[in-house]
Every structure is written in structure tokens, then in C-alpha cells.
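Only a predicted model underlies this, so the values are computations on that prediction, with no experimental measurement involved.
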Amino acid sequence: MKTDLTDTTASKINKALVKARRAIGTPAVGMVLTLVIVTDEENAYDALKAAGDASREHPSRTLVVIKRVSRSPRDRTQSRLDAEVRVGADAGTGETVVLRLHGEVVDHAQSVVLPLLLPDAPVVVWWPVNAPLDPANDPLGALAQRRVTDTYACEQPVKELAARADAYTPGDTDLSWTRITPWRSMLAAALDQVACQVQGVEVEGEEFNPSCELLAMWLADRLDVPVRRTGSAGPGLTAVRMDTDCGPIVLDRADGSLATLAIQGQPKRAVALKRRDTAELIAEELRRLDPDDTYASALRYGVERLKQENGGDAPAKGERDSGERDSGERDSGERDSGEREAVPAPVESVAKGPAAEATAEAPVKRAAAK
């Protein structure tokens with residue numbers, strides 16, 4: 001059931017919710033929390049669909065706050081609140097209210113949202129895109145016990161991680177961290193199977209992927225070993241290699257769905273490690289509303305510290321290959337130049353027989369062994 005309200009108030013929206021519940025025969029409120037989604041018109045559909053799918057596990061009242069941009073100075077001085085109330089099959093297993101804010105009321109969204117919160121129920125605020133640098137001090141974020149952002153949707157996700165670390169407040173979390181939960185579980189389970197000391201780790205994934213950076217920081221923080229970050233074509237995280245004194249442990253996922261776990265002395269195993277959609281990520285975050293201390297510790301480890309301990313940024317694969325070729329060409333050119341200066345004319349070897357053949361084959365054998 002849908003009800004459209006134009007130029008309305010929070011009081012009228014509450015009355016419309018009660019009327020809609022009675023109309024469908026469910027006057028009781030069975031929601032467990034209030035989910036506030038702060039987004040724009042472009043991303044509202046996807047965010048609302050993900051929240052609707054997650055509501056099957058967590059029945060909630062979903063408030064979608066869309067701040068409409070006023071194009072003219074006259075429109076910016078006129079405040080208006082439009083609402084769309086959805087109850088029943090149109091709202092999953094909860095209630096949905098889409099709030100469109102116009103004019104000056106855009107700067108006072110918390111005054112609209114506050115009367116619509118469920119009484120005595122936790123509040124979660126989610127920014128699918130364009131999250132504030134300090135979510136806890138945002139007027140809407142201050143209303144929530146849990147604040148969810150997504151640095152993957154930012155233009156510069158790695159720099160955004162540094163800003164999240166500086167402004168971290170207990171209750172903050174990020175979907176880039178939620179995406180690596182299966183990876184963290186699988187790596188922890190792999191280390192539980194062996195009694196070895198980890199000596200170094202390599203995390204391979206897409207360039208500028210915040211999930212890859214967070215996994216590398218988590219491993220460096222927990223294992224207290226050097227962690228190298230290398231780039232790949234993706235999708236997302238592709239491999240983690242841990243060097244131990246008992247042999248390597250490799251978790252490799254090349255196709256984004258099925259991974260291979262290889263432990264020294266054990267047969268290789270295929271494990272399901274698919275890339276999850278936004279609805280699954282939000283549902284996971286809503287399962288626990290207490291502060292995530294592990295995320296806080298990994299985030300505060302810092303991307304810059306990770307780079308410093310590895311001697312700076314690792315170049316991308318193409319850059320590294322190109323650099324090696326250029327270096328090799330320069331070295332080859334310098335050697336050729338030096339040889340031409342030191343030896344004006346080429347000297348041909350006249351030695352023949354088995355000794356000469358062994359001498360010619362020796363460099364090839366050494367290179368292969370190396």
C-alpha cells in the first residue's frame with residue numbers, strides 16, 4: 001500500500017503510517033529498529049531495494065532522506081517536505097517512508113526524522129554515497145547508535161580511509177570492511193589448522209580498493225608482520241599469500257566467486273567466496289549494533305603506516321614490468337656502451353671441444369636454477 005503526501009509534516013506522516021497499518025490489518029508495530037538512509041535521487045532506488053531485501057531478516061522502519069537540490073534562489077528559500085509512505089508488500093516486512101526535502105529544510109533533516117523514529121528502538125544511519133567525513137558529528141549521525149558508510153563509493157577511497165580513521169567514533173563502520181568478513185574468517189580458520197609462525201603476507205587486489213587496504217591493515221595489525229600490497233586486475237580481492245616457517249598458505253580467488261585454499265602438506269580445497277551484494281552486506285551490519293573494536297584497530301593502523309613499513313607504494317603490475325624493461329634496457333645499453341669502449345673490436349672465441357661447450361652452457365643452468 002502506497003500513500004503520497006505533498007507539502008506535508010512529520011505529524012501527518014505518522015498518521016498516514018497508522019492508517020496504512022490498519023488498512024492492511026496489522027495495527028501492531030513489529031519492527032526492531034529504524035534504518036535511516038541518506039542518499040540522493042540517483043542512488044535512492046538501489047539503496048531502497050537493498051534495504052527492502054535486508055528487512056526480511058531485520059524488520060525495520062526505513063526512512064529514506066533525499067535532499068533535493070534547488071536550482072533557483074527563490075526555490076532555496078521555500079521549504080517543502082514531500083513523503084511517500086509504503087506499508088505491506090511494497091515495503092518488504094517493515095515500513096518505508098521516502099522523504100524528499102526541498103529548500104531550507106534540507107539543512108534541518110534531523111528535525112524531520114526525529115519524530116518518525118521508532119520509540120525505544122535502535123537507530124542505524126546508512127550513507128550509500130557522499131558520506132560526511134565525521135559521521136558521528138553529522139546531525140543525522142548523532143541520532144544513531146550505528147553509522148554505516150561505504151568508502152568504495154568515494155572518488156578517492158584510500159584517502160577516505162585516512163579521514164575515517166581520524167574521525168572514528170565507536171559505532172562507525174564501513175561496508176568495505178563488511179565485504180572482507182568471509183576472507184577474514186577463512187584466513188583465521190586456515191591459521192588454526194597449522195602450528196606455524198607467519199613471517200610475511202602479500203595481499204593482492206584491485207588498485208585503490210579500500211577492502212584490500214583494510215584486509216592488509218587487519219593482517220598487519222593482528223599478525224605484527226610485514227604485509228605487502230600488490231595490484232591485480234580484480235575483481236576486488238584476488239589472493240592472499242602468507243609465508244610461514246612451515247610453508248606458504250595461499251587463498252586465491254581469480255574469478256570473484258570460487259576460491260582455492262592451499263596449505264603446505266594438505267590437499268587444495270575449493271571454497272565458496274563469492275562477491276556479495278549490498279543487501280547481504282547491510283543485513284550483516286544490522287546483526288550487531290555494538291561497536292566493532294576489530295574494525296577500529298585495523299582502521300587506526302593506517303594506510304600510510306602500511307606503505308612506510310613496505311618501503312613506499314608498490315607500483316602497479318604494468319608500471320613494474322615497464323620499469324623493469326626500461327631499467328633492463330638502460331643497463332643493457334650501459335653495458336653495451338661500456339663494452340664498446342673497453343673492447344673496440346669483438347673477440348671471437350676459438351676454443352672448441354667439450355670444455356668450450358660446458359662453458360657456454362653454464363650460465364643457462366645457473367639462470368634456470370635461480
Side-chain angles (χ1 to χ4, degrees), residues 38-39 43 46-47 50 125-136 138 141 146-169 171-187 201-223 227-240 251 253 256 259 273-282 284-285 291-310 312-317:
V38 187
T39 184
N43 298 279
D46 293 334
V125 178
W126 171 33
W127 291 270
V129 293
N130 301 326
L133 292 179
D134 190 355
D138 182 81
R146 201 72 189 270
R147 296 162 293 275
V148 184
T149 58
D150 191 358
T151 53
Y152 188 75
C154 300
E155 187 175 352
Q156 297 180 322
V158 178
K159 289 185 178 180
E160 197 78 12
L161 283 178
R164 294 277 179 268
D166 293 338
Y168 176 81
T169 302
D172 293 352
T173 190
D174 197 275
L175 293 185
S176 296
W177 172 255
T178 316
R179 289 184 179 96
I180 62 175
T181 299
W183 284 83
R184 293 189 292 119
S185 301
M186 194 63 61
L187 292 172
V201 180
E202 179 182 357
V203 176
E204 180 186 280
E206 290 177 330
E207 295 289 336
F208 310 113
N209 188 308
S211 296
C212 301
E213 305 293 343
L214 282 170
L215 183 61
M217 290 189 288
W218 173 71
L219 289 168
D221 180 49
R222 291 294 165 181
L223 299 177
V227 177
R228 184 184 178 192
R229 172 76 170 87
T230 57
S232 71
L237 270 163
T238 52
V240 174
L251 183 60
R253 185 191 68 178
L273 207 62
K274 72 180 185 70
R275 290 168 61 85
R276 298 180 295 169
D277 58 20
T278 307
E280 294 178 87
L281 301 177
I282 280 294
E284 179 183 329
E285 283 301 330
D292 193 341
D293 297 331
T294 307
Y295 166 69
S297 180
L299 186 65
R300 286 170 175 163
Y301 187 89
V303 180
E304 294 302 324
R305 180 181 171 189
L306 189 68
K307 293 178 180 178
Q308 291 171 2
E309 292 184 355
N310 288 277
D313 296 335
K317 183 177 180 182

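One finds the CD atom of Gln156 at 12.0 Å from the CG atom of Leu161 (value rounded to the nearest 0.5 Å). In this structure, CD1 in Ile180 is found 14.0 Å from CE in Met186, a value given to the nearest 0.5 Å. Separating the CE atom in Met217 from the CZ atom in Arg229 is a distance of 10.5 Å, to the nearest 0.5 Å. To the nearest 0.5 Å, the span separating CG on Leu214 from CG on Asp221 amounts to 11.5 Å.
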Exercise for the section: Could you walk me through whether Val38 and Asp138 pass the side chain to side chain contact (heavy atoms under 4.5 Å, CB included) test, one step at a time? Expected result: CA-CA 11 Å; Val38 187; Asp138 182 81; over 6 Å; no
Exercise for the section: Applying side chain to side chain contact (heavy atoms under 4.5 Å, CB included), run through Leu187 and Leu251 and close with a yes or a no. Expected result: CA-CA 8 Å; Leu187 292 172; Leu251 183 60; 4.0 Å; yes
Exercise for the section: Tell me, with the steps shown, if Val125 and Val148 meet side chain to side chain contact (heavy atoms under 4.5 Å, CB included). Expected result: CA-CA 6 Å; Val125 178; Val148 184; over 6 Å; no
Handout entry: Criterion salt bridge (charged side-chain N to carboxylate O under 4.0 Å, His left out) on Glu304 and Lys159, from CA distance to verdict
Key = CA-CA 10 Å; Glu304 294 302 324; Lys159 289 185 178 180; over 6 Å; no
Problem - Full working for side chain to side chain contact (heavy atoms under 4.5 Å, CB included) between Trp183 and Leu273 - result: CA-CA 8 Å; Trp183 284 83; Leu273 207 62; 3.5 Å; yes
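Side-chain contact between Val203 and Thr230: absent, with no pair of heavy atoms (C-beta onward) separated by less than 4.5 Å. Between Thr294 and Arg222, the closest side-chain pair of non-hydrogen atoms falls below 4.5 Å. No side-chain heavy atom of Leu237 sits under 4.5 Å from any side-chain heavy atom of Asn209. Annotation: side chain of Arg164 is in contact with side chain of Glu160 (closest heavy-atom distance under 4.5 Å). Taking 4.5 Å as the limit, every side-chain heavy atom of Ser211 sits out of range of all side-chain heavy atoms of Tyr152. Within the 4.5 Å cutoff, side-chain heavy atoms of Ile282 are placed close to those of Trp126.
For the pair Ala136 and Thr169, the tightest heavy-atom approach, listed with the atom from each and the gap, is CB-OG1, 3.4 Å. What you find for Val303 and Glu213 is that their closest heavy atoms are CG1-OE1, 4.1 Å. Taking each heavy atom of Tyr295 and Thr173 in turn, the nearest pair found is CE2-CA, 3.7 Å. Summarising the geometry of Asp150 relative to Pro128, their closest heavy-atom pair is CB-O, 4.0 Å, with the distance given to 0.1 Å. The two residues Arg276 and Pro182 have their closest heavy-atom pair at NH2-CD, 3.7 Å. The two residues Leu133 and Ala167 make their nearest non-hydrogen contact at O-CB, 3.5 Å.
Side chain of Arg228 to backbone of Glu202: no donor-acceptor contact under 3.5 angstrom is found. Remark: side-chain polar atoms of Asp166 are not paired, donor with acceptor, to backbone N or O of Ala163 under 3.5 angstrom. With hydrogens and angles disregarded, a donor-acceptor distance shorter than 3.5 Å links the side chain of Thr238 to the backbone of Glu204. Not one N or O on the side chain of Ser297 forms a donor-acceptor pair closer than 3.5 Å with the backbone of Asp293.
By the side-chain hydrogen bond (donor to acceptor under 3.5 Å, both in side chains) test, Asn43 pairs with Asp40, sequence neighbours left out. Asp174 pairs by the side-chain hydrogen bond (donor to acceptor under 3.5 Å, both in side chains) definition with Thr149, Thr151, Ser176, not counting sequence neighbours.
Taking the charged nitrogens against the carboxylate oxygens, Glu285 and Arg147 have no contact shorter than 4.0 Å, which rules out a salt bridge.
Heavy-atom neighbours of Tyr168 OH from other residues, nucleotides or ligands within 6.0 Å: above the threshold of 12.
A cation-pi arrangement is present between Arg184 and Trp177 under the rule of less than 6.0 angstrom and at most 45 degrees off the ring axis.
Side-chain contact of Thr178 with Glu284: a donor-acceptor pair under 3.5 Å is absent, judged by distance alone.
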